[in-house]
There are 2 protein chains.
Amino acid sequence: MNKRKISDLSRALIEIVRHFGPKGPNGECCENLSMPEFLALDKIANTEDCPVQNIGQLLGFTKSGATRIVNRLEKKGYVQKIKSFEDGRVCCVVITPQGENVLASTDERYSKEIEHLLARMPDKNAPHMKALLKDMARALRD
Amino acid sequence: MNKRKISDLSRALIEIVRHFGPKGPNGECCENLSMPEFLALDKIANTEDCPVQNIGQLLGFTKSGATRIVNRLEKKGYVQKIKSFEDGRVCCVVITPQGENVLASTDERYSKEIEHLLARMPDKNAPHMKALLKDMARALRD
DNA sequence: CTGTATGGTTGACGCTGTCAACCATTTGAT
DNA sequence: ATCAAATGGTTGACAGCGTCAACCATACAG
């Protein structure tokens, strides 16, 4: 198989992204959670009294997009909207216990898959690989 | 920032996927090419006389989805459909010179971004990191 | 030559996110 | 106190993408 046009490195990253991304084998992250929904849920879990717009900002959505994602999550019972009593315009989005559950179980599946993948790597250099991934993510944030 | 619920490793991978994936800063890979379109174009470039269904198979689409992606690519001028003369039912999808161009330029952008990222990382051993990423992608294929 | 399998296309549909207009609340200037 | 921005959120209309099922055309086996 003589791959052309695209460098090995690009292709490697693309394949990794594809595998773990929204359209990989697990197009949905969990039972009934799309990738953006999962990401939003994660943000909500980690933001105290998260306003709707924050989510949009963090994930690169419009505020109306954010509203819609939050509504979906709410309908699924993973999230609750509570009017802020400091500012009547703001909706604090809070994760529910069910939301916590689904987040935890998704994380578990994700982690397991990563471990499984790392175990199959040639040099068995899993710890090294983990460090690399974390460093990469950190470098992305800067 | 005390991140809860999700393990560091999961989060790292998620962030990487997000950054390089369809909804990262570059939601579109190139000018007017969505992520799936880009992937399809890559497959087409690397498959001699690629039937439409192949693309669907390789990317996890229905055959009708594949038709639609190919049509989009054709409308953009990156691809051409040619009726096979060995089997009148089959459409060979072939990349055009413009398609090659867009693929090359996208690869260049992608590569540059990776290099840039690696340069910012604490471990300056770029070749080693590249090797690790390629190993990871290889492990995915098995 | 007839029935079946296979490749591809198309119409109707559902889901997701954007845009723009909108409402409600807050805030600042007067 | 009042009124005009500014800000947070929601909603209707819309477009893009992919699925499903029905369909057409070609190939092939008996």
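Every chain is numbered from 1 and lettered A, B, ... according to where its sequence line falls, protein lines coming before strand lines.
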If the threshold is 4.0 Å, N to carboxylate O, is there a salt bridge linking A/Lys112 and A/Glu108? yes
Any Lys/Arg nitrogen of A/Arg11 or B/Asp42 sitting under 4.0 Å from an Asp/Glu carboxylate oxygen of the other? yes
Heavy-atom side-chain contact between B/Arg141 and A/His19 under 4.5 Å: no
Below 4.0 angstrom, which residues in residues 71-89 of chain A have at least one non-hydrogen atom near DNA chain D? A/Lys81, A/Arg89
Run B/Ile114 and B/Leu118 through side-chain contact (heavy atoms from CB on, under 4.5 Å) and show every step you take. CA-CA 6 Å; B/Ile114 300 173; B/Leu118 292 183; 4.1 Å; yes
Contact under 4.0 Å: A/Ser64 side-chain N or O vs C/dC19 OP1/OP2: no
Base, sugar-phosphate alone, or nothing: which one does A/Thr62 contact when heavy atoms must sit under 4.0 Å apart? sugar-phosphate
From [options], pick the nucleotide closest to the side chain of [X]?
X       : options               : answer
B/Glu37 : D/dG9, D/dC17, D/dT19 : D/dC17
B/Val52 : C/dG8, D/dG9, C/dA12  : C/dG8
A/Arg68 : C/dT18, C/dA12, D/dG9 : C/dT18

Specify whether A/Tyr110 and A/Phe38 have parallel, tilted or perpendicular ring planes, treating 30° as the upper limit for parallel and 60° as the lower limit for perpendicular. parallel
Roughly, in whole Å, what's the span from CD in A/Gln53 to P in C/dG17? 16 Å
